[in-house]
Amino acid sequence: MTTTTLSRRGLEAPTSPIRALEATSRAASESGKTVHFLNIGQPDIDTPPAMIEAYRSFDERVLAYSPSDGVPAYREALADRYYNEFVGELAPITAEDIVVTVGGSEALLFAMASVTDPGDEILVCEPYYTNYSGYSHMLGITTAAVTTHVREGYAIDPARVEAAITERTRAIVLPTPGNPTGVVLSHDELVEMVGICRRHGLFFICDEVYREFVYDEPRGTLAPSLLAVPGSEELGIVIDSVSKRYSACGARLGCLVTRNPEVRRAALHFGQARLSPATVAQRAGMAALDTPRAYFDEVLEEYQARRDLLVEGLSSIGLHVPAPKGAFYIAVPLPVEDAEHFAQWLVRDFDLDGETVCMAPLGGFYSTPGLGRNEVRLAYVLDRERLSRCVEIISTGLERYMVPEQDPR
Ligand SMILES: *Cc1c(COP(=O)(O)O)cnc(C)c1O
């Protein structure tokens, strides 16, 4: 028998640092510990009842495919009732500009695949959403990263972005609001990034899945969208998803929005290869468009309170971090050398009265070796009482970890 060998792509596939502690935390849970999961962006917020009802009320005889780019009525509703609320002066979005995808994740994959060839490069700002590099690996492209710093509130300096462009760069990929940084790009900053893209012939893949999640702003404020930036028509590709907006991560429903018909055609053709996005999810997505404004007001109030509690709690134990402006993550430098080791230890070897915390080590959110080694990402997706408890656990854990000789065991 001749032996089989995996591709280099398969062999070298990176694991997600968000799920890095999965085995350890499962073992901890099985051993009877209560593990508070702050490592993954799975909110505890209720999905709007109308969405759940859409799943319950499905009563067709056949659970059929939908068109590869999504149900036309859903795309029309998305354009008319959602996107055109914030495109400003620009030409309205039409159903033709939207390709419905299996989560925002697939929209990212389609967008990146549409504009790069193997060997090409995308430009990101680190720390970045790790799946950008996961998909880069899959596509045989590289990620070049412009470093942003906690001491600057992770602000993105356009001059540094422009200086990092090489002849292999095909696109800039940025989330706004940012995961894990919480940075929200202003309309003017988006205009500036579009200017850079135009000068260098780059696409701008703007990941706007947290559009609703902006803090310290009047109720109902959305993060500025690339879809409203003049001059972005040809180069702009917006990534979107119902996962975070409606706390519906399991629906696996997202979309790609672009006014560039060639990008749309490429995405449609990729979509034809996987035949169809989930049919019933699109009904739920349609129902979600009726979600009253009050739902978001309440959700935003809750997240902002959680953010404030976490920022203050961390500060009270000597971990000073600027309050994130959007999304629901906070990147925290810890007074340890190796945050991954600490995070593992916290779950495996530590508990405070039977409870511990699972955090995402931030090293995997950087391309530059060594960066983020002492940082973790916390997702504030648990209620305030539990978050306070988490701060206590982290505080006691840090004390114990840093002076192990005083460990009574
Ligand atoms: C969660 C997330 C996505 C996509 O998630 P899906 O569940 O696949 O829609 C995309 N980008 C960022 C920055 C995210 O945090």
Side-chain angles (χ1 to χ4, degrees), residues 82-93 104 111 122-129 132 145-165 171-200 202-241 244-245 257-259 296-297 299-301 303-304 307-308 311 321-331:
Y82 186 67
Y83 292 110
N84 286 329
E85 296 289 309
F86 54 80
V87 295
E89 314 277 278
L90 264 64
I93 296 295
I122 57 164
L123 199 58
V124 299
C125 288
E126 63 184 5
Y128 53 81
Y129 179 56
Y132 297 161
V146 175
T147 308
T148 63
H149 303 275
V150 62
R151 60 174 184 274
E152 296 165 2
Y154 298 106
I156 295 168
D157 177 359
R160 273 193 259 164
V161 170
E162 188 156 22
I165 294 167
I172 295 177
V173 184
L174 285 180
T176 176
N179 169 7
T181 63
V183 164
V184 180
L185 294 174
S186 68
H187 177 79
D188 289 345
E189 286 170 318
L190 286 172
V191 168
E192 203 165 349
M193 297 302 296
V194 165
I196 294 173
C197 290
R198 287 172 68 95
R199 280 199 289 284
H200 297 270
L202 306 182
F203 287 94
F204 185 178
I205 300 175
C206 198
D207 183 344
E208 302 184 6
V209 303
Y210 296 100
R211 190 180 295 107
E212 274 73 13
F213 299 85
V214 287
Y215 309 118
D216 311 320
E217 297 285 344
R219 278 187 172 189
T221 303
L222 301 180
S225 173
L226 182 62
L227 294 175
V229 176
S232 71
E233 290 88 342
E234 193 188 318
L235 55 84
I237 308 174
V238 165
I239 304 304
D240 217 334
S241 167
K244 317 294 165 42
R245 182 172 311 135
V257 189
T258 180
R259 292 186 175 94
F296 292 106
D297 290 344
V299 169
L300 262 285
E301 212 166 288
Y303 275 115
Q304 186 161 325
R307 178 201 67 166
D308 293 344
V311 169
V321 275
K325 293 282 177 230
F328 38 67
Y329 307 93
I330 185 161

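FYI, the numbering just counts along the sequence from 1.
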Residues which pass side-chain hydrogen bond (donor to acceptor under 3.5 Å, both in side chains) with [X], listed by chain and number, not counting sequence neighbours:
X	answer
Ser232	none
His200	Glu162
Ser241	Ser243
Thr221	none

Please report the interatomic distance [atom1]([X]) to [atom2]([Y]), rounded to the nearest 0.5 Å.
X	Y	atom1	atom2	result
Thr258	Phe203	OG1	CZ	8.0 Å
Leu185	Leu174	CG	CG	6.0 Å
Asp308	Tyr215	CG	OH	10.0 Å
Leu227	Cys206	CG	SG	8.5 Å
Ile165	Leu202	CD1	CG	5.0 Å
Leu190	Leu226	CG	CG	6.0 Å

Kindly state each residue pair satisfying salt bridge (charged side-chain N to carboxylate O under 4.0 Å, His left out) with at least one member in residues 215-224, sequence neighbours excluded. Asp216-Arg307, Asp216-Lys325, Arg219-Asp297, Arg219-Glu301

Show every salt bridge (charged side-chain N to carboxylate O under 4.0 Å, His left out) that has at least one partner inside residues 227-241, sequence neighbours left out. Arg211-Asp240, Asp240-Arg245

Does some side-chain heavy atom of Glu212 sit less than 4.5 Å from a side-chain heavy atom of Val299? no

Do Thr181 and Pro127 come close enough that some side-chain heavy atom pair is under 4.5 Å? yes

Just jot down the ring-ring contact (aromatic ring centres under 6.0 Å, His included) partners of Tyr329, sequence neighbours excluded, or say none. Tyr210

Using only atom types and a distance under 3.5 Å, with no angle test, would you say the side chain of Glu208 pairs donor to acceptor with the backbone of Val238? no

Any sub-3.5 Å donor-acceptor pair from Thr176's side-chain atoms to Val184's backbone N or O? no

My understanding is that only residues two or more places apart in sequence, or in another chain, count here; which of them pass side-chain contact (heavy atoms from CB on, under 4.5 Å) with [X]?
X	result
Pro175	Tyr132, Asp207
Glu192	Pro158
Ala145	Val124, Glu126, Tyr128, Ser367
Ala331	Tyr154, Leu362

Taking salt bridge (charged side-chain N to carboxylate O under 4.0 Å, His left out) as the definition, give me every residue that meets it alongside Arg160, ordered by chain and number, with sequence neighbours left out. Glu152, Asp157

Taking all non-hydrogen atoms of both residues, which atom of Ala155 and which atom of Thr148 are closest, and how far apart? O-CG2, 3.6 Å

Let me see the working for Ile156 and Val146 under side-chain contact (heavy atoms from CB on, under 4.5 Å), right down to the final yes or no. CA-CA 8 Å; Ile156 295 168; Val146 175; over 6 Å; no

Between Phe213 and Phe328, does the ring centre distance come in under 6.0 Å? yes

